[in-house]
Amino acid sequence: MMFEIPITEFKNLKIGNMENIDAGTGCTVFLFEKGAPAGLDVRGGGPASEESELLKPMAAAEKIHAIVLSGGSAFGLEVSNGVREYLEERDIGFGGRHKSSSGLPILSV
């Protein structure tokens with residue numbers, strides 16, 4: 001039996017979506033300002049992704065701060081620049097000068 005959890009139960013979650021109808025592409029961002037654990041199993045030969053390794057069970061990252069789902073292959077991956085900027089402006093992420101440079105998996109679907 002499958003247990004369903006309403007999306008409203010996730011108090012640390014913000015979701016945003018943008019689409020370009022003319023270009024037939026868009027993106028969805030799941031933002032976890034306080035961080036959240038996550039996992040992923042990638043199947044297939046050539047996924048368009050960045051930092052998806054952070055979602056593997058044995059990865060050093062204990063939490064992520066955003067997930068970006070985008071269309072448009074490599075062009076869709078560029079959406080991550082805006083999300084990183086958003087996180088950096090709010091001092092969200094891990095240590096270092098560019099705090100949000102890790103903890104941001106990008107998956108182009």
Side-chain angles (χ1 to χ4, degrees):
M1 180 153 112
M2 187 165 113
F3 182 71
E4 213 172 296
I5 303 171
I7 196 102
T8 54
E9 290 294 314
F10 296 91
K11 304 299 181 203
N12 181 35
L13 172 63
K14 294 179 181 177
I15 303 173
N17 178 268
M18 179 61 110
E19 66 180 309
N20 181 332
I21 295 173
D22 294 334
T25 190
C27 71
T28 300
V29 177
F30 299 87
L31 179 65
F32 307 94
E33 291 183 341
K34 296 178 184 172
L40 172 72
D41 180 22
V42 177
R43 310 272 171 127
S49 65
E50 290 180 14
E51 305 220 35
S52 59
E53 295 292 312
L54 291 171
L55 299 174
K56 288 190 172 182
M58 301 304 289
E62 294 181 10
K63 60 185 176 181
I64 55 144
H65 294 94
I67 298 173
V68 178
L69 302 177
S70 66
S73 191
F75 294 109
L77 294 175
E78 289 187 33
V79 169
S80 65
N81 296 335
V83 177
R84 281 189 187 99
E85 190 175 308
Y86 176 92
L87 294 172
E88 216 170 279
E89 288 170 357
R90 287 156 183 79
D91 202 29
I92 298 170
F94 300 112
R97 183 172 160 249
H98 298 287
K99 289 189 179 244
S100 61
S101 62
S102 58
L104 178 57
I106 317 298
L107 309 168
S108 187
V109 292

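Note that the coordinates shown come from a computational prediction; the quantities given were computed from them, not determined experimentally. The residues of the chain are indexed from 1 along the displayed sequence.
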Can you tell me how far the [atom1] atom of [X] sits from the [atom2] atom of [Y], to the nearest 0.5 Å?
X	Y	atom1	atom2	result
Glu19	Thr28	CD	OG1	9.0 Å
Asn12	Leu31	CG	CG	8.0 Å
Arg84	Glu89	CZ	CD	14.0 Å

Spell out, yes or no, whether [X] and [Y] are grouped together once hydrophobic residues are joined by side-chain heavy atoms under 4.5 Å, including indirect joins.
X	Y	value
Leu13	Phe3	yes
Ile64	Ile7	yes
Met18	Phe30	no
Ile21	Leu69	no

With no hydrogens and no angle check, is any side-chain donor or acceptor of Asn17 less than 3.5 Å from a backbone partner on Val29?
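Flag not set: sc Asn17 to bb Val29 has no pair under 3.5 Å.
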For a quick test of reading the model, state the closest non-hydrogen atom pair linking [X] to [Y] and the distance between them.
X	Y	value
Ala66	Leu87	CB-CD1, 4.3 Å
His65	Ile92	CD2-CG2, 3.5 Å
Lys63	Lys34	NZ-O, 3.7 Å

